[in-house]
Structures are given as structure tokens and as C-alpha cells.
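Note that the numbering runs from 1 along the sequence shown for the chain.
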Amino acid sequence: MQTIPQRRIALPTGVELDVVVAGDPANPPIILLHGFPESHRTWRHQIPFLSQHHFVLAPDQRGYARSAKPDGVENYTPAVLVADVLALADHFGIDRFTLVGHDWGGAAAWMAAINHSQRIDRLIILNAPHPFIFQKTLFDDPDQRAASQYITAFRNPGLEAHIAEIGVEAYFDKTFVGHADRAKFAIEKPVYLDQWSQPGALTGMYNWYRASSIVVPAMDAEPPRPAFLARPFPPMQMPVLMIWGLHDTALKPSQLDGIDALVPDLTLVKVDAGHFVTWEAPEAVNAAMAAWLAG
């Protein structure tokens, strides 16, 4: 199993992160943000490829693997997660950079690009919904609402106790493996179990869900709609590449409805893969990134 060397980097945001650093620092910088419930290894097929022409940073984000896991849900809000990304860039003296995100890493990437457009040169998103569209579809698309009920379960403060009772491996086998190729999961399973078993890792990972302000209505509920859904949402200020695995069971096709209005300079590449597109279809992902970055 491939092991990618990491550096331990202390950030002024109060955390130490394990970070893959690859490529020539003189080359254009690119930061890769993994999602739940993974680590830098979600980029294991992209890091060697991108580092040929880019300076690559791929952190294990706070709460994950062996990176710092501060106590308290307040330490996992979107603003805090974005601050880590900017602090990592600052640590290497990077002003503007290409930001890449998958899943929750994509959520952090969207927020960084929306709120700090002066730092983000280009944005690459892989199976991570735009925040406006995601919140809207949780109210208006019954299929997406049904598919997202797991978020409420992940926010349950008793979840970690339940996992401790049944065991991390049993939890892995009952939940996670149903969302992608089982053979590929079997190869990586020891890595997942090792990372999830680190002290505080499960709580750290689930705190990303608990700290999010996203509203997930129950199937039979109609809570008040968030006010921002009634207002025009500012369009993205930079070119965006979206790579989308079409067989994602957690994110329904409605996540692409209206995306072109929110992202004026959009390139959308649809891939025959599921949610974990980076390693389910690495050749297609790398080809899409290479063509877009070269342009």
C-alpha cells in the first residue's frame, strides 16, 4: 500500500496538521482538501500527477487521522476550517493558489472561494454541492432530503458511544462500504480503521457536521427556510472546474441544477463513478484536471 510522506506543520489557527508537500515550490501552488471520512489519501492518484507541474499541499484537515483534534464543536465551524487553509498557504508564503476540494473539503473550498476570492486563483470541486443549491434542494427536492437524513444521525451526540459499543470495524462494514467499490474499499480498509481509531478522530470528523449551519429538514417537517435562500447569491469570481461522479448516492442530480448561474466561468466534467471519484476514476479525474489547468 502506497505511503505518502507528510510534514507536521503548526498553524497560527492553533492546530498542527499533517501535510503532504510535493513538487517544486517554484511551480504554481495547488491545495487539495479531502472530505469525510478520509484523509490526504483520497488524493493518492492525483498528488504524484499534479506535482509534476505544481507545488502541491494536501493536509489531513483538523479532526482527521493524526492531525490535531481540538475539543468543542465551535472549533469546526466553516470559518475556522477556511482559516486553516489560508494559514497553510501563508506558512509557505503563498498568496494566490488553486484550491481543490472533495466532499467536505469541497464545502470548505466553496466557502474559501466565496469569502476570500482575492486568495483563490482557480477552484476545482469534486462531488461537493454549492452551498446555496444544497440548502435549497434540502427543502425543495424530496430525493435529496431523503438522501441527506444521515446528516441528522451524524449530528447525534450519542453516535460515538454507539460506535464504541459495536466497534469501529463493524461500523465501517455496515455503513461506509456501501457507497463505492467494495474491492477498492477492502484494500484501503486498514488505513480507514487506523485513522478512525485515533483518539478523538470520530468526534473530530462528526464535528464538521455538527458545526455546520446547514438545515436538514426531517422528511415530514417544513421548518422556516433560511433567509439567504430568498436573496440573490453572489456569483463566483474565479474559473471553476466541477468534476462530478454521476453515480453518487448521497448527492442527487439536483445539485447541478442552476449551477451555471452561480458560476459564470464553469467547466463541468461528468464522470462514470460514484461519490469517491478521486480514486474510483483517477484517470478521468487527472485528465480533466490536466486539460483545465493547462487552459
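Counted by atom type alone, H102 and N127 present zero donor-acceptor pairs between their side chains at under 3.5 Å. Looking at H54 and N27, their side chains never bring a donor and an acceptor atom within 3.5 Å of each other. Side-chain polar atoms of T98 and D121 form no donor-acceptor pair below 3.5 angstrom. If you check the side chains of S254 and D141, you find a donor sitting under 3.5 Å from an acceptor. Q255 and T137 are linked by a side-chain donor-acceptor pair at a separation below 3.5 angstrom, with hydrogens and angles left out of the test. Between Q61 and D84, the side chains place no donor N or O within less than 3.5 Å of an acceptor N or O (distance only, hydrogens not considered).
Looking at R225 and D140, a side-chain N of the basic residue comes within less than 4.0 Å of a carboxylate O on the acidic one, giving a salt bridge. Between R8 and D18, at least one side-chain N (NZ, or NE/NH1/NH2) sits under 4.0 Å from a carboxylate O, which counts as a salt bridge. Salt bridge absent: D194 and K189 never bring a charged side-chain N and a carboxylate O closer than 4.0 Å.
Remark: side-chain polar atoms of R62 are not paired, donor with acceptor, to backbone N or O of K69 under 3.5 angstrom. Under a 3.5 Å cut-off, the side chain of S67 and the backbone N or O of D60 do form a donor-acceptor pair. Between the E280 side chain and the T278 main chain, no donor and acceptor come within less than 3.5 Å of each other. Checked by atom type and distance alone, the side chain of R210 never pairs as donor or acceptor with a backbone atom of G72 at under 3.5 Å.
Within the 4.5 Å cutoff, no side-chain heavy atoms of W208 are placed close to those of F36. Residues L50 and L293 meet the side-chain proximity criterion, which asks for heavy atoms closer than 4.5 Å. Side-chain contact check for F172 versus I163: every heavy-atom pair is 4.5 Å or farther apart. Contact of the I259 side chain with the L266 side chain is registered, since non-hydrogen atoms from C-beta on lie closer than 4.5 Å. Using a 4.5 Å heavy-atom cutoff, the side chains of E222 and P217 are not in contact. Contact of the M289 side chain with the I124 side chain is registered, since non-hydrogen atoms from C-beta on lie closer than 4.5 Å. A 4.5 Å side-chain heavy-atom check between L99 and H116 finds every atom pair outside the cut-off. Using a 4.5 Å cut-off on side-chain heavy atoms (C-beta onward), V263 and D265 make no contact.
Taking NE2 from H247 and CG from D272, the interatomic distance works out to 3.5 Å, rounded to the nearest 0.5 Å. In this structure, the separation between CD on E188 and OH on Y192 is 6.0 Å, given to the nearest 0.5 Å. Remark: I31 CD1 to L57 CG distance equals 5.0 Å, nearest 0.5 Å. The structure places CG of L251 at 7.0 Å from OG of S148, a figure rounded to the nearest 0.5 Å. Q135 CD to S213 OG: the interatomic distance, rounded to the nearest 0.5 Å, is 7.5 Å. Going from atom NE2 of H40 over to atom CG of L33 covers 14.0 Å, rounded to the nearest 0.5 Å.
Between N115 and Q118, the closest heavy-atom pair is O-OE1, 4.4 Å. Between P224 and F139 the shortest heavy-atom distance is O-CZ, 3.7 Å. In terms of heavy atoms, A58 sits closest to W43 at CB-CD1, 4.5 Å. Scanning all heavy atoms of the two residues, the minimum distance from R96 to P29 falls at O-CG, 3.5 Å. Contact record, A128 with W244: N-CZ3, 3.4 Å, taken as the closest heavy-atom pair. Of all non-hydrogen atoms in G106 and I125, the two that sit nearest each other are O-CD1, 3.7 Å.
Proximity of the aromatic rings of F92 and F55 is defined here by a centroid distance below 6.0 angstrom, and this criterion is met. Taking the six-membered ring for Trp and the full ring otherwise, the centers of H130 and W110 sit less than 6.0 Å from each other. Here W104 and Y209 bring their ring centres to under 6.0 angstrom of each other. Between Y64 and W196, a ring centre-to-centre spacing not shorter than 6.0 Å is recorded.
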Step by step, would you call W279 with E38 a side chain to side chain donor-acceptor pair (under 3.5 Å)?
CA-CA 12 Å; W279 49 263; E38 298 196 284; 2.9 Å; yes

Might you work through the side-chain contact (heavy atoms from CB on, under 4.5 Å) test for L262 and M236, ending with a clear yes or no?
CA-CA 6 Å; L262 294 164; M236 304 303 296; 5.7 Å; no

Run the numbers on L88 and I9 for side-chain contact (heavy atoms from CB on, under 4.5 Å), then give the verdict.
CA-CA 8 Å; L88 180 61; I9 296 176; 4.3 Å; yes

Before giving the answer on side-chain contact (heavy atoms from CB on, under 4.5 Å), spell out for V285 and Q46 the whole-Å C-alpha distance, their side-chain angles and the decisive distance to 0.1 Å.
CA-CA 8 Å; V285 168; Q46 286 73 50; 3.8 Å; yes

Step by step, would you call K252 with D257 a salt bridge (charged side-chain N to carboxylate O under 4.0 Å, His left out)?
CA-CA 10 Å; K252 298 303 179 179; D257 293 344; over 6 Å; no

Residues H275, D103; criterion side chain to side chain donor-acceptor pair (under 3.5 Å); working and verdict
CA-CA 8 Å; H275 180 72; D103 186 79; 2.8 Å; yes

Worked verdict on R119 versus D95 for side-chain contact (heavy atoms from CB on, under 4.5 Å):
CA-CA 6 Å; R119 299 293 303 272; D95 180 21; 3.6 Å; yes

Passes salt bridge (charged side-chain N to carboxylate O under 4.0 Å, His left out), E160 versus R155? Steps please.
CA-CA 10 Å; E160 291 92 317; R155 288 170 168 172; over 6 Å; no

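When the shell of 6.0 Å around NZ of K136 is examined, it contains 12 or fewer heavy atoms from other residues, nucleotides or ligands. The 12-atom threshold is not exceeded at CD of E165, counting heavy atoms of other residues, nucleotides or ligands nearer than 6.0 Å.
W292 carries R122 over the face of its six-membered ring, with the cationic atom under 6.0 Å from the centre and within 45° of the normal.
Cluster annotation: L202 is not connected to V73 through the hydrophobic network of ILVMFWY side chains, with a link wherever side-chain heavy atoms come within less than 4.5 Å. I166 is connected to Y206 through a chain of hydrophobic side-chain contacts under 4.5 Å among Ile, Leu, Val, Met, Phe, Trp and Tyr, so both are in one cluster.
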